[in-house]
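Have a look at the structure below before the remarks.
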Protein chains: 2
Amino acid sequence: MNIEHMRAFLEVAATGSFQLAADKLHVTQSTISARIKALEERLNRQLFVRRRNGAELTAGGHHFHRHALTAVRSWDRARQEIALPDDMKAIVNLGVQLNHWDRIAAPWLNWMNSNASNLAAQIVSEYSEPLMHRLRDGLLDLAILYDPQQRPELVIESFLVEKLILISTTPRQVEAERVQGYIFVDWGDSFKAQHSLAFPNAPSPKLSVGIGSVGLNHILQHGGSGYFIEETVKPLIAEGRLFRVKDAPEFKRPTYLVYQDNPSDHDLLETAIKGLRSILPDTV
Amino acid sequence: MNIEHMRAFLEVAATGSFQLAADKLHVTQSTISARIKALEERLNRQLFVRRRNGAELTAGGHHFHRHALTAVRSWDRARQEIALPDDMKAIVNLGVQLNHWDRIAAPWLNWMNSNASNLAAQIVSEYSEPLMHRLRDGLLDLAILYDPQQRPELVIESFLVEKLILISTTPRQVEAERVQGYIFVDWGDSFKAQHSLAFPNAPSPKLSVGIGSVGLNHILQHGGSGYFIEETVKPLIAEGRLFRVKDAPEFKRPTYLVYQDNPSDHDLLETAIKGLRSILPDTV
DNA sequence: CACCTTAAATCGAAAAATCCGATATTACCC
DNA sequence: GGGTAATATCGGATTTTTCGATTTAAGGTG
């Protein structure tokens, strides 16, 4: 059965007329007639009552309506979501950590745009775990994340090691093993491990956030301190809006590039990776 | 786009092989090949990577999968729900009150089976209000209910007047305007009105149920009293398991037959109504 | 390296479906 | 009975789909 037949059905149901439906769908009335007939034959059930002033749904037709709707919609959505513009060759699906949107996703999109304009790009921004799931399910071509899980069909490469430093809105030092107004930013499992090792007696912090930028905004507005990626806060330190807490331990946070072992499109992946590496000129 | 194409897609995705999918769908492998090709062309996107040992979904293919699934499913469900067996001519959709299943729906189905075997019958059993909704939405050909709302396109006929009598598991009379272990069965709006008129000072009952048979079962098991349809409890009174409470007021509950004014199939409706009337030999 | 095997792609022809345009039919209104 | 506004039907052109046979591609194997 054809989706266009169901679309015709929906249009007739909506307009109450074969002719109007035909106009809307840019076909002749006889075509609509044939399509409805085909539907009715395959379902072996009448869908419309033909009256002098148009067509009206039967009880069966009404029942059919919701199914037709979902079928037509899912096809339309499929096209919207995955159809590729004519001038594009393929789509790369990249997943990045929420925190990495500014630092990685945005410049990568930029790079792709100018260096591989025949490739469309889609980016999913999520936490590590959902990204892993999507990778495993084949919904992503590649992803950049912390805490990857090794899997036979996945290749994991080290991508970038970030330095997490303790900063504060006022110049200060570590006091009583903890600074005031401390916000715990969840930078992933390995960070949590290092953190509790470095501050074994620290009480659980009042505030705990999952996304770096959220925590940073909070601190900038209300004051406080927390661990953030050095690169991100560097400009703010230079401006004098933030201060590095001396003597506080630093943490390293490794980031990994993960992708399917035998990808659906080798060149595609290679280009995407090239783009990713190129936006990290500071790495060796 | 054709549903069968998507089915082919799903089958290839499931089996990982064009050939196996072809076998399952009873077509040739070249057909599968063409169908997938058609899909890929219309979406302008590759769905499978063809490998030596079969076909594997691309990221795009994975994304498409859920849409294909819902589209195919909705068509299949539509067929299941509304397709008519070859030897049937039409389906009547009847709605009855929950309480009326035994008294009306079951015997009607029986009647239809023997007197109009070329008509399929579907019954929806619900409360009055949802039945009205379904009628209004054209999902039912006719319904039997209490408290119908008048609407221009609906015909309402009186169908049956039931007598509600107060019964109890022990012989007793009305005491202090209320009997013990009383269960309030919600027999609809007009009953509620009559009830509160007859027992103006009655405290709200401990138990209140919406379906007659549920309340009846409760009483039979745990003892108690309540209003029930005379016809239903008559055999139980005869058995000595229930007793009629003397002096208690009786209530009438009118039931209506409601259907579309100009139905999609006049004969169909007429037959159905004839069947309904015929199972009420006790009415004038 | 030549050969084999397995899986998918392609090709040509037959079959089926779809669509159009014109015309027929139907029901109702005047 | 004629007119009108709707859908149904018909014949033929066109397009799509299918099949069966063959070809191509990518790995294995001796």
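First the proteins, then the strands, lettered A, B, ... as listed; each starts at 1.
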If I take atom [atom1] in residue [X] and atom [atom2] in nucleotide [N], what distance separates them, rounded to the nearest angstrom?
X: Glu41(A); N: dA16(C); atom1: CD; atom2: P; value: 16 Å
X: Met1(A); N: dA17(C); atom1: CE; atom2: P; value: 10 Å
X: Asn53(B); N: dA26(D); atom1: CG; atom2: C1'; value: 10 Å
X: Ile36(A); N: dT9(D); atom1: CD1; atom2: P; value: 14 Å
X: Leu47(B); N: dA8(C); atom1: CG; atom2: P; value: 15 Å
X: Ile3(A); N: dT16(D); atom1: CD1; atom2: C1'; value: 17 Å
X: Gln46(B); N: dA8(C); atom1: CD; atom2: P; value: 13 Å
X: Glu4(A); N: dC20(C); atom1: CD; atom2: P; value: 12 Å

What is the nucleic acid contact for Arg35(B), judged by heavy atoms within less than 4.0 Å: base, sugar-phosphate only, or nothing?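 Touches sugar-phosphate only.
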
Which part of the nucleic acid, if any, lies within reach of Ala38(A) when heavy atoms closer than 4.0 Å are counted: base, sugar-phosphate only, or nothing?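 If one applies the 4.0 Å heavy-atom cut-off, Ala38(A) turns out to touch nothing in the nucleic acid.
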
Mind checking whether Phe18(B) and Phe48(B) have parallel, tilted or perpendicular rings, split at 30° and 60°?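 Perpendicular: the ring planes of Phe18(B) and Phe48(B) meet at over 60°.
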
For the side chain of [X] and the backbone of [Y], is there at least one donor-acceptor N/O pair under 3.5 Å apart?
X: Trp75(B); Y: Ile3(A); result: no
X: Thr58(B); Y: Gln46(B); result: yes
X: Ser33(A); Y: Gln29(A); result: no

Treating primed atoms plus P, OP1 and OP2 as sugar-phosphate and everything else as base, which nucleotides of nucleotides 22-30 of chain C get B, S or - for protein heavy atoms under 4.0 Å? B----BB--

Just to confirm, is there a sub-4.0 Å distance from OP1 or OP2 of [N] to any side-chain nitrogen or oxygen of [X]?
X: Lys37(A); N: dT9(D); answer: yes
X: His5(B); N: dT17(D); answer: yes
X: Ser33(A); N: dA8(D); answer: yes

I want to check something: taking the side chain as every heavy atom from C-beta on, are Leu257(A) and Arg277(A) in contact at a cut-off of under 4.5 Å? yes

Taking atom types as modelled and ignoring hydrogens, do the side chains of Glu162(A) and His100(A) form a donor-acceptor contact shorter than 3.5 angstrom? yes

Which of the following nucleotides, dC20(C), dT7(D), dC19(D), is nearest to the side chain of Thr28(B)? dC19(D)

Nearest to the side chain of Thr31(A) - dT7(D), dC19(C), dT18(C)? dC19(C)

How do Asn2(A) and Val12(A) order along DNA chain D: which one's closest nucleotide is nearer the 5' end?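 Closer to the 5' end of DNA chain D: Val12(A).
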
Residues two or more places apart in sequence or in another chain: which of them pass salt bridge (Lys or Arg N to Asp or Glu O under 4.0 Å) with Lys37(A)?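 So Lys37(A) forms no salt bridge (Lys or Arg N to Asp or Glu O under 4.0 Å) with any residue.
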
When His67(B) is tested against each of Arg79(A), Arg77(A), Arg73(A), Glu81(A) for side chain to side chain donor-acceptor pair (under 3.5 Å), which residue passes? Glu81(A)

Expected output is a numbered-order residue list: members of residues 13-23 of chain A with a heavy atom under 4.0 Å from any atom of DNA chain D. What is it?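 By residue number: Ser17(A), Phe18(A), Gln19(A).
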
So does Glu129(B) have more than 12 non-hydrogen atoms from other groups sitting under 6.0 Å from CD? no

Among Asp141(B), Ile273(B), Leu154(B), find the one that has a side-chain contact (heavy atoms from CB on, under 4.5 Å) with Tyr259(B).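 That would be Ile273(B); it is the only one of Asp141(B), Ile273(B), Leu154(B) passing the side-chain contact (heavy atoms from CB on, under 4.5 Å) with Tyr259(B).
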
